[in-house]
Amino acid sequence: MKTLAKWSVDDYHRMVEAGILHGRHLELLAGEIVEMSPETPIHYTTAKRGAKYLEELLSSRADVRFNGPITLSDSEPEPDIAIVRLPESSYKDRHPTPQDIFWIVEVAKTSLNKDLNIKAAIYATAAIQEYWILDLSSKQVIVLSNPQDGKYLEEHTIREGIITPLAFPDVSVFINRLFS
């Protein structure tokens with residue numbers, strides 16, 4: 001039998017501040033401290049280029065964060081990209097919380113199952129209105145929206161064309177630019 005201790009966000013922050021977790025690539029997911037998978041070069045490059053592209057599109061309208069933590073009620077994941085409210089200076093003493101977040105983007109190659117199941121449930125529970133998964137294996141974007149009761153009720157898979165983010169209906173995000 002395996003018994004796990006559940007950790008609060010405050011516990012996790014105290015461990016980080018005390019240096020207990022120093023040098024480890026971890027995130028807090030639903031009260032569990034989880035080792036993050038190493039990033040492949042294509043994963044890192046896609047996430048970085050995607051963040052730069054979204055920064056261009058959303059200049060002066062949103063802060064586009066790359067590989068940074070967000071703070072939820074029982075989790076502190078580090079999404080590949082988080083599009084959050086300005087000003088950036090709001091996050092000097094804290095990470096963005098659900099009311100700050102427009103949408104989240106995860107890049108998936110080996111992590112697709114985790115991103116579709118575990119992280120989707122965490123983001124839906126936190127009422128993150130929109131969540132995109134860039135599936136590197138199939139070069140498609142899975143768009144999840146309408147969170148209710150820990151699930152996203154709407155899921156669309158888009159292989160080509162554009163995505164219009166819910167938070168910015170006047171912005172067109174070209175799928176091919178997210179993967180190039």
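Quick note: residue numbers are just sequence positions, from 1. Note that the structure is a prediction, hence the values are computed from the model and not measured.
Annotation: cation-pi pair R65/Y91 present, NZ/CZ under 6.0 Å from the ring centroid and within 45° of its normal.
Closest of all the heavy-atom pairs between A62 and F168 is CB-CZ, 4.0 Å. The two residues D135 and S137 come nearest to each other via the heavy atoms OD1-N, 3.1 Å.
Between F179 and Y53, a ring centre-to-centre spacing not shorter than 6.0 Å is recorded.
Here E56 pairs with R177 in a salt bridge; the nearest charged N to carboxylate O distance falls below 4.0 Å. For D115 and K109, the salt-bridge test fails: no basic side-chain N is under 4.0 Å from an acidic carboxylate O. A salt bridge links R94 with D100: at least one charged nitrogen is closer than 4.0 Å to a carboxylate oxygen. Contact check on K119 versus E27 returns a salt bridge, with a Lys/Arg side-chain nitrogen under 4.0 Å from an Asp/Glu carboxylate oxygen.
Classified by interplanar angle (parallel below 30°, tilted 30° to 60°, perpendicular above 60°), the ring pair H95/H13 is perpendicular. Between W103 and W132, the two ring planes are tilted [angle within 30° to 60°].
Around the NZ atom of K114, the shell of radius 6.0 Å holds more than 12 heavy atoms that belong to other residues, nucleotides or ligands. By the 6.0 Å contact criterion, CD on Q99 is enclosed, its count of non-hydrogen atoms from other residues, nucleotides or ligands being greater than 12. Around the NZ atom of K151, the shell of radius 6.0 Å holds no more than 12 heavy atoms that belong to other residues, nucleotides or ligands. Crowding of E154 atom CD: a count of heavy atoms from other residues, nucleotides or ligands under 6.0 Å exceeding 12.
Contact check for F102 versus L166: no side-chain heavy atoms found under the 4.5 Å cut-off.
A donor-acceptor pair is defined here as one N or O able to donate and one able to accept, closer than 3.5 Å; such a pair exists between the side chain of H43 and the backbone of V107.
Using modelled atom types, one finds no donor on one side chain facing an acceptor on the other under 3.5 Å when comparing Y152 with Q129. Looking only at atom types and distance, the side chain of T157 has no donor-acceptor partner in the side chain of Q140 under 3.5 Å away.
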